[in-house]
Structure formats: C-alpha cells, structure tokens
Amino acid sequence: MGVTGSGKSTFINIASGSNLPVSRSLESCTREVQTSRPFVVNGRVVTLIDTPGFDDTTRSDTDVLSMIAAYLSNAYEHGSKLAGVIYMHRISDYRMGGKSKGNFKIFRELCGESSLKNILIVTNMWSEVKPEIGEAREVELASKDKFFKPLLEKGARMLRHDGTLESAHTTLRYLINSHPATLRIQREIVDEHKSIEKTAAGSELRRALDEQADHHKEEIQTLRAQMEAAMEAKHEERRSELQEELEKKQQECERIEQNSQHMAAEFAAEHGRRTPEATPGARGPSRRCSQSLE
C-alpha cells in the first residue's frame, strides 16, 4: 500500500522479475488487484500482490477499499494467509500531506494491531534526496506519533529500499518465515460477518468522506453568500464565476455521498467476481504469499 507513484509496482517488478505496468506520471497504472509471477527467496516461493492506491486517479476510494476487501476476504475464505504487508513511502516527499496520512489511517485500520509484526514500512527513492535530508526525514517519520511511530512501537519495522534486487529480497526475508497474518478486515468480514461499511477500515473511510463533505458544504455556504453580494452589486461576470464554482462543489458533495452509499454494493460485486483460482495459495500452501497493497 501507499500513494500513487510511491514505487509499489516497481518494487514488485524488481523483486519478482515481473512486468507489471508502472506509472511515469501522476496517473495511476494499477487499476485492479494483480499478482507477480511466483519466485523464490531463501527456498520459499513468494507471490507479491499489487492493488490500486486509495488516491487512484480512475476509481473512488470506496471502490478501491471494496476491491481490496473482496480480494482479501476471498483469499482468507479459501485458506490463503499473508506472510506480511508492505507499506511503501517515498523518502523524497518533503512532507507527509493530508492524503498520505489519510491513506495510512485506512491502512492501519485494515491491518489491525494483531498483525503489526507482519508489517513493513519501506522507504524508497533515496537516490532522489541528499543522504542527510533523507536520514532526517526518516528519523522524523519514525519518532513522531502523527507518522509511523505508533506502529513501530507495536512491532512493525521500518526499512530502506535502494532500488536493487538484493535490497528487495532483503526486505522480503523479514517476512517469508513469519507466522501467517490474518488482517483485521479479513476477520471482520469472514469471521464476524460484518458488512464492509461496518469494518474499521470502512468506518475510517466513511469518517474521512463525511469530513470532506462537511468541508464542501461550508464552501458552498460561503459561495452562496458571495453570489448574493455579487448580485446586489450587479457584478454579473463575478456572479457567473461563482455559480460555476458552486455547481462543481455541489456535484462533489453528491459524488462523495453516492460513493459512501455504494460501498456495500461495490464490495458484493467484487466479492462475487473473485474466484478461488484468482487467489494465490487457494489451491496450495497458504504461507507463501507476501503482499504489497497499492
């Protein structure tokens, strides 16, 4: 998992020799759950799983969560467990913005605390920053509660990836012999029979969407007041500009609400589309999968 362009598909290609599509721009390439070709690390067969990010440029966050949840729950139902989950973070980012923090919150809720020893936070793109700058950012990420510190204190590990095959395989060696992990969202959906919107990750996403909607509603109220002022002053051009902006905000509010309402339907559709054949390990040993969620 990680924001679009954080190097998830590239990591998988380097580690496995696969040829998954890689984004060279802000447009995301990973639009469906996809798996690497199986490969061997330290005598263990490994399959890496790549999924879209929550900031996908073509699908909504609710679509992406539904897709990830459907894949994971289907895998769990058919006896396949994960050796671990990798969260990719660009050390070249000069700050961890609101969207990245939001993604990480959903990631935390999706995994749950019981699986944190199977979680790796991997920083990459070190070649794009001066060593002293990257090291300072690494310390900040690991030492502040608003970033990665809470997970690291509870068993997650933070590693560097330098873009080489050896570095990728060194990362995977931390996971391949781990006791298989059951993620919180797998237990919630399969064992506890919760609907996706009632899971911790679904609730966190709904909270974030409600926050976005409230922000847009405040902006709409401001725009309406500005429109009234423009009308009183007979500034038609200004009123027209405000009207156009108002309509965009209203459409965004409607889109957010529709996405929230459609979460359960999207999950049901995705879950029904998934088959045992589509799930690594469903037909064989269940301890051979390591996962990178994009």
Looking only at atom types and distance, does a side-chain atom of [X] sit under 3.5 Å from a main-chain N or O of [Y], one as donor and one as acceptor?
X    : Y    : answer
R137 : S92  : yes
S73  : V190 : no
R44  : I176 : yes
S18  : L20  : no
S167 : T164 : no
S178 : L175 : yes
T199 : G202 : yes
E270 : F267 : no
N124 : H161 : no

Determine the minimum heavy-atom distance between [X] and [Y], stating which atoms define it.
X    : Y    : result
L120 : T171 : CD1-O, 3.4 Å
G53  : V64  : O-CG2, 3.5 Å
A230 : R238 : CB-CG, 4.1 Å
G7   : M125 : N-CE, 4.0 Å
T62  : S60  : OG1-OG, 2.9 Å
I91  : E138 : CD1-N, 3.9 Å

Verify the neighbour count for atom [atom1] of [X]: are there more than 12 heavy atoms of other residues, nucleotides or ligands below 6.0 Å?
X    : atom1 : value
E236 : CD    : yes
E244 : CD    : no
K101 : NZ    : yes

Under 3.5 Å side-chain donor-acceptor pair for [X] and [Y]:
X    : Y    : result
E254 : Q250 : no
T170 : E166 : yes
E219 : H215 : yes
S9   : D50  : yes
R187 : S114 : yes
H89  : D93  : no
R173 : N42  : yes

Does the distance from a Lys or Arg side-chain N to an Asp or Glu carboxylate O, for [X] and [Y], drop under 4.0 Å?
X    : Y    : result
R90  : E128 : no
R206 : E197 : no
K194 : E192 : yes
E252 : K248 : no
R207 : E211 : yes

Test side-chain contact (heavy atoms from CB on, under 4.5 Å) on E218 and T222; report intermediate values, then the result. CA-CA 6 Å; E218 290 177 2; T222 300; 5.6 Å; no
Please say yes or no: joined through hydrophobic side-chain contacts below 4.5 Å, possibly via intermediate residues, are [X] and [Y] part of one cluster?
X    : Y    : answer
F39  : L165 : no
L48  : I14  : no
I220 : L209 : no

side-chain contact (heavy atoms from CB on, under 4.5 Å), that's the test. Do D162 and W126 meet it? Break it down for me. CA-CA 6 Å; D162 65 11; W126 282 85; 5.8 Å; no
Nearest-0.5 Å distance, [atom1] of residue [X] to [atom2] of residue [Y]:
X    : Y    : atom1 : atom2 : value
L116 : K154 : CG    : NZ    : 7.5 Å
L110 : N103 : CG    : CG    : 11.5 Å
L82  : T47  : CG    : OG1   : 11.0 Å
I121 : M88  : CD1   : CE    : 12.0 Å
Q258 : C253 : CD    : SG    : 11.5 Å
L183 : I68  : CG    : CD1   : 10.5 Å

Take E153 and K149 through the test salt bridge (charged side-chain N to carboxylate O under 4.0 Å, His left out) and record every step on the way to the result. CA-CA 6 Å; E153 289 181 334; K149 180 183 175 183; 3.8 Å; yes
Would you mind reporting whether [Y] and [X] have side-chain heavy atoms less than 4.5 Å apart?
X    : Y    : result
L205 : M263 : yes
Y174 : L172 : no
S115 : T182 : no
R108 : P150 : yes
S16  : V46  : no

Verdict with supporting geometry, K217 and K249, side-chain contact (heavy atoms from CB on, under 4.5 Å): CA-CA 8 Å; K217 288 173 183 177; K249 294 295 181 184; over 6 Å; no
Please walk me through it: do R184 and E113 pass salt bridge (charged side-chain N to carboxylate O under 4.0 Å, His left out)? CA-CA 8 Å; R184 173 188 282 168; E113 292 195 2; 5.7 Å; no
Quick one, E77 with H271, criterion side-chain contact (heavy atoms from CB on, under 4.5 Å). Give me CA distance, side-chain angles, the key distance, then yes/no. CA-CA 11 Å; E77 285 173 339; H271 191 269; 3.1 Å; yes
For the residue pair F107 and Y87, categorise the inter-ring angle as parallel (less than 30°), tilted (30 to 60°) or perpendicular (more than 60°).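 Judged by the thresholds at 30° and 60°, the geometry between F107 and Y87 is tilted.
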Verify side chain to side chain donor-acceptor pair (under 3.5 Å) between Y76 and D191, making sure each step is shown before the conclusion. CA-CA 10 Å; Y76 184 53; D191 297 335; 2.8 Å; yes
Test ring-ring contact (aromatic ring centres under 6.0 Å, His included) applied to F104 and F147, step by step: CA-CA 9 Å; F104 193 65; F147 299 135; 9.2 Å; no
